[in-house]
Amino acid sequence: MARRPLPRILRSGSASITRSREIARTAADNATDVLHPLITVTRGLRLLAGAGRQKWAATPKDRRGHVLFLVAACVLAVALIPYGPLLALISVMGAAAWRGRDRTPASTGPAEAETARLQALYEALVPHFSVADDPGPLFSHGGDWEKAFGTSYEFDGNGRLTRLQVNYPAYFTDGDPASRARVEQVLHAKSGRGREYHFAWDEESNHLLMTVLTALPTTIAAQRFVTAPGETVLGFTDAEAVRRTVPVQDGDVTRDASPVIWRTGARSTEPHLLIAGHPGSGTTTLMRSLALQALQHGDILVVEGGGTGEYGFLTGRDGVLAVECGLAGALATLEWAAHETERRLIAANRARQAGHPEPEDIKRPLWILLDRPSALGHLAAADGRQDPQELLQVPLRHGRAAGVTVVVADQFDSLDALTETVRTHTRARAVLGPADREQIEAVLGTQPHTTPTPDVPPGRGYTRLGTGPVLRLQVPATPDPYDDATSEAHRQAVLDLLPGGAPAVGKAAPEDTAEPVAVHTEQLVGTPAVAEG
């Protein structure tokens, strides 16, 4: 049997149907608001009529005649007095409106389970917010939690706290980080694990505000970010933490995101960066993201101590001066970088003395990306050679004036192998992956105002620029495009950001004990002439 064709409105009018439904729904809502008094009066009249029928049915039959006579007399009296029918109509409408009002009791307090959770949380805070000689304790065993919490609390659909304001006594040592940490640990444990909480201490008003943070998006991939020269996007953070947004491509849509901007160059107060994390935490991902952004306006040197070839896709590209995985090549490259820093300083000094602008060959920024220097340090010590970190002293000390930026990434268990020069001059810090508060404080210099979660995606962590606040961080997805596990969308996103030049055929080979891998080209051989007056 042949199928009957669908009506034209069903074939091509889906958008019109959807729009018509929205218009109809809006019109119905507006009509409900306008006709709400009439609906209330009608409901009241129906209830009054029902009550009258019940009263008539409950009246004995021998008394119904007397009731009818009394009602008729009342109607006649109302009809005879001046304005009687009008007053009667107003009275009936008022009674109907009063009877038909919405009398659904509103929830004025927490449910029983929520009350039990607040009471348990109050009892857990008693040892931290009470002393024995307090005549009027705010926190006491068996006390009233409403005095400490008031009505500043919110629960989600599962009955778990999402927001809580705690009023604590003035004698509590809220300036002691250890005391704060104990209270935050109790709130974290009693409010539910597996979520990230933010704690805002108001020492002036003796208030502590705890809020549950939403997870940072992991769908932002590597792309061109709207930044000025000298600005680099480390990742993205909470909207309330920064005052700036940039448009990003998040999947198939474009939206505004809150970036963590790291400023480098001559006017930067934190010209060098240190990245710490566990294996698989995303430190190499952040290094790749920085390399792709640096290639927009500068040149890069990449030294990989792990020897896994994670940066092989950069080999042969314009602006990539070297990609080294071996000890010998790393020492030669870093030695050249130290001489290049000195050359830039001398050229800039001579140009200033002669009253000329800086030469063009020293204006282009130079980035030194050193991944896992501790591994190279062990190899150098075993071979009796110089530690590659010693060659970073000149770029670290004078890199800001020479336009040289150093980025060092290493693992937590190897941070002790970093030299004092590296630790002192890398004032911009980032911690990625699962880490406890002590590890974060050891790198950033202070504890975060949030509770780290044990399970985080790669590229998630914290960052601090100099003496600024600790910010949550999510690094843009920047995988190795030559890795078989990389999705096609992410692979193409990374390849689209690479500058021109002859792309590498495959990944950089791991380090060999006999011959180190050296892919640096003649770009490091001939240095430009020193600028004269």
Completion exercise
So CG of Leu471 and CG of Leu465: to nearest 0.5 Å the spacing works out to 7.0 Å
Handout entry: Arg464/Glu270 salt bridge by N-O under 4.0 Å criterion
Key = no
Exercise for the section: Kindly indicate whether the side chain of Val408, heavy atoms from C-beta on, has any atom under 4.5 Å from the side chain of Leu273. Expected result: no
Problem - Thr453 side chain near Arg195 side chain, heavy-atom distance below 4.5 Å - result: no
Handout entry: Heavy-atom side-chain proximity of Val233 to Phe225 below 4.5 angstrom
Key = yes
Handout entry: NZ/NE/NH1/NH2 to OD/OE distance under 4.0 Å, Glu114 and Arg117
Key = no
Problem - Arg423 bridged to Asp416 by N-O distance under 4.0 Å - result: yes
Handout entry: N-O pairing of Arg472 and Glu196 below 4.0 Å
Key = yes
Problem - Spatial distance of atom CZ (Arg180) from atom CG (Asp176) [nearest 0.5 Å] - result: 9.0 Å
Problem - Point-to-point distance, once rounded to the nearest 0.5 Å, from NE2 of His425 to OG1 of Thr419 - result: 10.0 Å
Practice task
Determine whether more than 12 heavy atoms belonging to other residues, nucleotides or ligands lie under 6.0 Å from atom NE2 of His198.
Solution key: yes
Fill in the blank from the handout: CG of Leu473 to CZ of Phe236, rounded to nearest 0.5 Å, is 9.5 Å
Practice task
Applying ring pair (Phe, Tyr, Trp, His ring centres under 6.0 Å), run through His188 and Tyr197 and close with a yes or a no.
Solution key: CA-CA 7 Å; His188 178 206; Tyr197 296 87; 5.4 Å; yes
Practice task
Could you check if a side-chain atom of Asp299 sits within less than 4.5 angstrom of a side-chain atom of Trp367, using non-hydrogen atoms only?
Solution key: no
Practice task
Find out whether Thr284 and Tyr311 are in side-chain contact, i.e. whether some heavy atom of one side chain is under 4.5 Å from a heavy atom of the other.
Solution key: yes
Practice task
Decide yes or no for Arg163 and Leu209: does some side-chain heavy atom of the first lie under 4.5 Å from some side-chain heavy atom of the second?
Solution key: yes
Exercise for the section: Give the intermediate values and the outcome of side-chain contact (heavy atoms from CB on, under 4.5 Å) for residues Glu184 and Arg437. Expected result: CA-CA 12 Å; Glu184 292 174 2; Arg437 300 175 70 91; 3.1 Å; yes
Practice task
Look at atom CG of Asp413 and say whether more than 12 heavy atoms of other residues, nucleotides or ligands are closer to it than 6.0 Å.
Solution key: yes
Completion exercise
So CZ of Phe172 and CG of Leu125: to nearest 0.5 Å the spacing works out to 9.5 Å
Problem - Heavy atoms from other residues, nucleotides or ligands near CD of Gln185 exceed 12 (cutoff 6.0 Å) - result: no
Handout entry: Pair Leu121-Leu164, side-chain contact (heavy atoms from CB on, under 4.5 Å): steps then yes or no
Key = CA-CA 11 Å; Leu121 185 58; Leu164 177 67; 3.3 Å; yes
Handout entry: Chi angles and distances behind the side-chain contact (heavy atoms from CB on, under 4.5 Å) call for Met210, Val166
Key = CA-CA 8 Å; Met210 180 193 72; Val166 180; over 6 Å; no
Exercise for the section: Would you give the length of the straight line joining atom CZ of Arg460 to atom OG1 of Thr218, rounded to the nearest 0.5 angstrom? Expected result: 7.0 Å
Practice task
Given ring pair (Phe, Tyr, Trp, His ring centres under 6.0 Å), test Trp145 with Phe139 step by step and report yes or no.
Solution key: CA-CA 8 Å; Trp145 58 266; Phe139 284 83; over 10 Å; no
Problem - Donor + acceptor pair across side chains of Glu441, Gln447 (<3.5 Å) - result: yes
Problem - Minimum side-chain heavy-atom gap Leu327-Pro388 below 4.5 Å - result: yes
Problem - No-hydrogen, no-angle side-chain donor-acceptor test under 3.5 Å, Thr245 and Ser258 - result: no
Practice task
Test side-chain contact (heavy atoms from CB on, under 4.5 Å) on Leu415 and Val443 and set out the steps.
Solution key: CA-CA 9 Å; Leu415 293 181; Val443 178; 3.8 Å; yes
Problem - Sub-4.5 Å side-chain heavy-atom contact between Val494 and Phe313 - result: yes
